[in-house]
Structures are given as C-alpha cells and as structure tokens.
Amino acid sequence: MQRALPVDRSRFADWYQAVVRDADMAETSPVRGAMVIKPWGWGVWEQIQAELDRRIKATGHENCYFPMFIPLSFIAREAEHVEGFAKEMAVVTHHRLKTIDGKLQPDPAAKLEEPLIVRPTSETIIGDAFSRWIKSHRDLPMLLNQWANVVRWEMRPRLFLRTTEFLWQEGHTAHAGAEDAMEETRRMLEVYRVFAEEVLAMPVIAGEKPENERFPGAVNTWSIEAMMQDGKALQAGTSHFLGTHFAEAQNIRFQDDSGGMEFCNTTSWGVSTRLIGGVIMTHGDDDGLRLPPAIAPRQVVVVPMLRDKPEDADVLKFCEALVADLSKEHVFGQQLRAFLDTKKIKSAEKRWNWVRRGAPIIIEIGPRDAASGQVTYMRRDALRDGDKVKSIAKPRQDFLEGVVQLLAEIQAGLYAEAKARLDGNIKSGVTDWAGVEDYFAGDEETFKGWLRVSWSRPAGAELDAIDTRLKALKLTIRNAPLDQPREFAPCLFTGMPGVEEILIGRAY
RNA sequence: CGGAGCGUAGCGCAGCCUGGUAGCGCAUCUGCUUUGGGAGCAGAGGGUCGCGUGUUCAAAUCACGCCGCUCCGACCA
C-alpha cells in the first residue's frame, strides 16, 4: 500500500517531522531553534488566532501591545520569576554594529547602559504599566491580552512544540480581590478547554499543576493537558493565579472604597503555536495531517482533473461555479472556505498534496462529473477503505446541501476519535509504586498512556523526592484534574490519606 | 553542556572498510504517448560529498580539529 508519507507513526518523532514538512506547515530556519512558518501552517494559526481572539474578547478582555524588549532590572523584581527564566533569556547588549579588523561586530562604544532582555513572557513590563494605570478600585478589574512573539532559549527545539521564538497570546489581568482573580484564572482555563475541544477537536484534561510545575512567580497554575498519539502528554495551555506576588514586587496598588491602599491580585494565561503541534499529533495519520474543519484554512478543496483537452474548459467552469456556491455556505458561524486548485501540476499530485496537508474535504472533478452534474469527493478523516482511497460520488445539489453537515460531522468525528483515545488510556486503580513501574515498563517505543492516582499532595522536599523517583521513569505529574471524586485511596507515594487524584505520564 | 548516532542533488539513500575525482529512487525541466485519477517512454538540469587543516601523484573515502542535525539526559508554552 502506498501512503502519502515516507514514514508511519511507529516512528513517532520522525513521523511528526515528516508531517510538518510534507504538509507544508513549517521548516527550520538558519537560526537554531527558530522556525519559518509556511503559508499553510500560518493559515492554521490565523484560524486559531481569530477564533480564540473572539472568545477572549467575549469574556471582556481588550487587546494591547507591549514592547518585546524588557529592561533587565524589570525581570529581576520577582525572585521566583527571575530564577525560573534566567537560564533561557536572550539579552540585547548593544545598539550598533561596527566593522573592526574587517569583522562586523557589536560596537563596544554602543554598549547599552542597561541590557535589555527579549521577553520570555510579559508579566514584568505589563505589571509596570499596571502600577501606573491602576489607581482606584474603579480601575479594576483590568483585563488585557496581547498577541505577541516571545523568546525562550531552549536546549532542544522541536518545530511548533518547543521553539526558541514562539507566538502566543498572553492575558494579563489585575483584580481587587483574590477571589475575583482566582475566578478569572479558572474562567480562562475553561475558555481554553472549550476552545481546544470545540475548535481543535482536541480533548484535554483541565486541572491544577502541582507545586513543582508552577509558573515561576505563580501562587497556583492550572493547565489543560492533551494526549498525543504516542501517549505522551502535551501541556496545551496554562492559566496562572499570581496572587499579590507581582503586585508587591512592582507596586501595583489601588485605593479601595474606604480609602485604604491595597495590592492587586493578578493573573496571566496563555496558549501558543504549540497548539499546532498538538493538532498534528492528535489528528495526523499515516497519510499526513488531518485538520479539524474549524481551523482548516481551506475546508473544501476542488481539484479539477485537467487533461489539456477541449473539455477542460467545461470542467473548470463547473468547478468555479461549485466553489462559488460552496462559498455561499456558512459553517461554524463563518463563511465556508472553499478553494479551487488550478496550479499547473498533475492532478494526482495535487490530490496527494491536499491529503498530506489535511484539507477536510477534497473534491475531484473530471469531465464526466462536470457533464453529469456530479461531485466526487474524499473525506480526509476517513480517507481509506482498507488500503484503497475511498471516493464518494453525489449529485452536485445533494453535496451542496449536505456539505455543512459533513464538515460538522468530520469535526465531531475527529474529536470523538481523540476522546476515545484519551479516555481509554488513563488508567485508574494503581495504588502502589510497583504498579507505576509496571505500567510504564518497557521501552520508549511502546505506547503508554497516563495513570490517575491518589496522593496526599506532599510539598517541599517530600515532593522533590517524588519528582526524582518519577523522573527516573521519565514521568511527570501532569495535573490534578478539576473533577475529583469524593473519597480517595491512600497516597500512592506516602501512604498517608489521599486528598486528590493526579495524572502521571510522559510528556513533551 | 554530557552520552549515542548522523551530515553525499529538494526528499529518501548507496558509495567510505579495500583513496582514482559521484550514483540510485522519488521530485524538477523538455518532448512524445497516455488519460476517471499517485501514468509510460526518451532526454535534460541540479551536488565546492557539512567546514577547515593535514597525509597523498590523487581524498566523499584516511587523520586531526571545528560546525550542524537527530535521539537520550538537564530545561520547557
């Protein structure tokens, strides 16, 4: 059987790279760890951005933009924050180049008095603005968001999943009370959960991160965790309750209604281009990418079967009219995105390109289709019947009437498939360490899901010790899911009474 | 930064051990044929064999150094 990709999912890391490349999503750049996002990959990001932006605004936030350079002294203000990010910071030290000894280099005479760091996140520079903008309880809550690029100097980059520069949105809010800020943190976590599931068709588990996995400077961190097809967890979004940590470090205060001065409670939350990696590893198959229709830059692609013959004109005319009619339809609250591929390459080649890119519906129109008013199409979510590619033929009108429903069905189908994988691979009932070792035994290649175990939420040194034991098995605590039972088994690690269930797994 | 592996055409690889000046498949270009679907035939273009130094009459091949990539650790949205 001939697949559209050179490798299949049994070699998951190679397969992932093949999809990214062959689906025209992105490529590596001359700068180590930074990527070039190609039009098809960027198109997916634009869809993600547009829909998430709408949801962020619908929850009362306004967009703004802060500089990518942050004075070094700003980042130093919050102790944990510095410690967390210091190791991966890009630093700007000069503002001019000069040719010295025939070599172009930073001009020593143009050294910055205070180095600038390239933002790894913007809490400190936005906090600085908050401290000036917030005077009164009447200014609160302040609900901001920005779409930006950030830089974290990572050791081991991987396209979309972990790149030195990446794109994201970061929400930053300030509130009068802790309760209000906590509510905001949870609200945005829920926005992410629903977005991931509805739009990306990527089921996730929302929950709270253990102490050792918190954002540097946060009081609490919540995440949504998705399960990739190799069983590993992908942290797909985070939402942080920062308490008054940053407010105290940056003097973000307001006068309350009785005239007293109080520190604000702040939050921050973000999702990044990593989501695209999540989509690839959730939905991709051995023929390449499968895009959920809601984020596919082109939802229905029409490939005319042109043969350099007179009837080509009729085929093209039929296709153009079809695309025009498709474009009148609305799906997921937006105009249907239909595209006619007239590129002068072999039709078969076009078909496979769209298969690899994951266009949800690929239509092939030949002279006979055009003449008889018929539409022949493939569903990318169910491309093959056994080994053979499955083509479906329908009268044009029937297809047009059913296309919106069909796209919705594909979206739902992809979700259901991923949801079954997630639910089917979280194992409960393991109560001792031997059970953990047993579950995760074997090599890296064999699929393992996650364990859901009870624990007593140890902290400090005790938690560090647990972390070390887990690390030996390449495991981490992903999060403590929001929905918890009423009663708990004894703690798997300490034997103490359990207070919470957590997810354990391998992660990206 | 530590351990392992790998850098030869856009992609996937052979050649390296046993030095003689570069090859295969796919892709690309041209022509002819074909045409309900990843076509056939013929021809063509494309490579300072990661970079540098050395050994040699001669280096993709041997030696040394460097760089980059991938996987595994530390880090991580």
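Numbers restart at 1 for each chain; the letters A, B, ... are given by sequence-line order, proteins then strands. Worth saying up front: this structure is predicted, and the values here are computed from it rather than measured.
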Study note, to complete from the structure: pair_partner(B:A44), Watson-Crick or wobble, both distances < 3.5 Å, evaluates to B:U28

Review point. Using atom C1' of each nucleotide, how far apart are B:U8 and B:G15 to the nearest Å?
Key: 9 Å

Check your understanding: Mind checking the C1' distance from B:G50 to B:G31? Whole angstroms is fine.
Key -> 38 Å

Check your understanding: When all nucleic acid strands are considered with a 4.0 Å heavy-atom cut-off, which category describes A:Arg21: base, sugar-phosphate, or nothing?
Key -> sugar-phosphate

Exercise for review: Write down the distance separating the C1' atoms in B:U56 and B:U61, rounded off to the nearest Å.
Suggested key: 13 Å

Review point. Given atom CG of A:Asp230 and atom P of B:C71, what is their separation to the nearest angstrom?
Key: 12 Å

Exercise for review: Tell which nucleotide pairs with B:U56, taking only Watson-Crick or G-U wobble pairs whose two distances are both under 3.5 angstrom.
Suggested key: none

Review point. Could you give the CH2-to-P distance, from A:Trp352 to B:A27, as a whole number of Å?
Key: 14 Å

Check your understanding: Is the ring centre of A:Tyr16 less than 6.0 Å from the ring centre of A:Tyr508?
Key -> no

Can you name the atoms? Protein N/O to nucleotides 42-45 of chain B N/O, anything below 3.5 Å, with the distance.
none

**Study point:** Nucleotide B:G38, atom P - distance to CZ of A:Arg357 in whole Å
**Key:** 18 Å

Exercise for review: If B:G19 has a Watson-Crick or G-U wobble mate with both distances under 3.5 Å, name it; if not, just say none.
Suggested key: none

Practice item. Counting heavy atoms from C-beta on, name the nucleotide in B:U35, B:C71, B:G37 closest to the side chain of A:Ala348. Key: B:G37

Point to revise | Span that lies between the P atom of B:G23 and that of B:G47, in whole angstrom | key: 13 Å

Review point. Within 45 degrees of the axis of the six-membered ring of A:Phe85 and under 6.0 Å from its centre: does A:Arg119 put its NZ or CZ there?
Key: no

Point to revise | C1' gap between B:C13 and B:A60, integer Å | key: 15 Å

Exercise for review: Would you mind pulling out the nucleotide paired to B:U34, Watson-Crick or G-U wobble, both distances under 3.5 Å?
Suggested key: none

Practice item. With sequence neighbours excluded, give me every side-chain hydrogen bond (donor to acceptor under 3.5 Å, both in side chains) pair touching residues 46-57 of chain A. Key: A:Trp42-A:Glu46, A:Gln47-A:Arg337, A:Glu51-A:Arg54, A:Glu51-A:Arg55, A:Asp53-A:Lys57, A:Asp53-A:Asn63, A:Asp53-A:Trp147, A:Arg55-A:Glu198

Enumerate the protein-to-nucleotides 75-77 of chain B contacts in which both atoms are nitrogen or oxygen and the separation is below 3.5 Å.
{"unit_1": "B:C75", "atom_1": "OP2", "unit_2": "A:Lys471", "atom_2": "NZ", "d": "3.3"}
{"unit_1": "B:C75", "atom_1": "O2'", "unit_2": "A:Glu88", "atom_2": "OE1", "d": "3.1"}
{"unit_1": "B:C75", "atom_1": "O2", "unit_2": "A:Glu154", "atom_2": "OE1", "d": "3.3"}
{"unit_1": "B:C76", "atom_1": "O2'", "unit_2": "A:Glu154", "atom_2": "OE2", "d": "3.4"}
{"unit_1": "B:C76", "atom_1": "O2", "unit_2": "A:Arg162", "atom_2": "NE", "d": "2.3"}
{"unit_1": "B:C76", "atom_1": "O2", "unit_2": "A:Arg162", "atom_2": "NH2", "d": "3.4"}
{"unit_1": "B:C76", "atom_1": "N3", "unit_2": "A:Arg162", "atom_2": "NH2", "d": "3.4"}
{"unit_1": "B:A77", "atom_1": "O3'", "unit_2": "A:Gln235", "atom_2": "O", "d": "3.4"}
{"unit_1": "B:A77", "atom_1": "O3'", "unit_2": "A:Gln235", "atom_2": "NE2", "d": "2.4"}
{"unit_1": "B:A77", "atom_1": "N6", "unit_2": "A:Thr163", "atom_2": "N", "d": "2.9"}
{"unit_1": "B:A77", "atom_1": "N6", "unit_2": "A:Thr163", "atom_2": "O", "d": "3.0"}
{"unit_1": "B:A77", "atom_1": "N3", "unit_2": "A:Ser272", "atom_2": "OG", "d": "2.7"}

Exercise for review: Searching all strands shown, indicate the nucleotide that pairs with B:U70 (Watson-Crick or G-U wobble; both distances under 3.5 Å).
Suggested key: B:A4

Review point. Is A:Arg77 close enough and on-axis enough to A:Phe74, meaning under 6.0 Å and within 45°, for cation-pi?
Key: yes

Review point. Say you pick atom C1' in B:U35 and the same atom in B:G40; how far apart are they, in whole Å?
Key: 12 Å

Check your understanding: Less than 4.0 Å between a side-chain N and a carboxylate O, is that true for A:Arg357 and A:Asp22?
Key -> no

**Study point:** C1' spacing across the pair B:G45 / B:C64, given as an integer number of angstrom
**Key:** 38 Å

Exercise for review: Answer yes if the side chains of A:Glu123 and A:Ser268 hold a donor-acceptor pair under 3.5 Å, and no otherwise.
Suggested key: yes

**Study point:** Whole-Å distance separating the CG atom of A:Leu5 from the P atom of B:G38
**Key:** 18 Å

Exercise for review: Take the protein atom CH2 of A:Trp15 and the nucleotide atom P of B:G12, then report the distance between them rounded to whole Å.
Suggested key: 17 Å

Revision key, fill the gap. Taken in chain and number order and not counting sequence neighbours, the residues that satisfy salt bridge (charged side-chain N to carboxylate O under 4.0 Å, His left out) with A:Lys394 are none

Check your understanding: Are A:His172 and A:Phe66 close enough that their ring centres sit under 6.0 Å apart?
Key -> no

Exercise for review: Scan A:Asp22 against the nucleic acid and name what it touches under 4.0 Å (heavy atoms): base, sugar-phosphate only, or nothing.
Suggested key: nothing

Review point. Between B:G19 and B:A63, how far is it from one C1' atom to the other, in whole Å?
Key: 13 Å

**Study point:** Earlier contact from the 5' end, RNA chain B, for A:Thr376 and A:Lys346
**Key:** A:Thr376

Practice item. Sequence neighbours left out, what pairs pass salt bridge (Lys or Arg N to Asp or Glu O under 4.0 Å) with at least one residue falling in residues 202-218 of chain A? Key: A:Lys209-A:Glu225

Exercise for review: Quick one: which residue pairs count as a ring-ring contact (aromatic ring centres under 6.0 Å, His included) with a foot in residues 377-396 of chain A, not counting sequence neighbours?
Suggested key: A:Tyr377-A:Phe399

Point to revise | is_close_aromatic(A:Trp40, A:Trp354), centroid dist under 6.0 Å | key: yes

Point to revise | A:Leu475 CG - B:G73 P separation (whole Å) | key: 11 Å

Check your understanding: Roughly how many Å is it from CZ in A:Arg158 to P in B:G73, rounded to a whole number?
Key -> 12 Å

Review point. Atom CZ of A:Arg356 and atom C1' of B:G10: how far apart are they, to the nearest Å?
Key: 13 Å

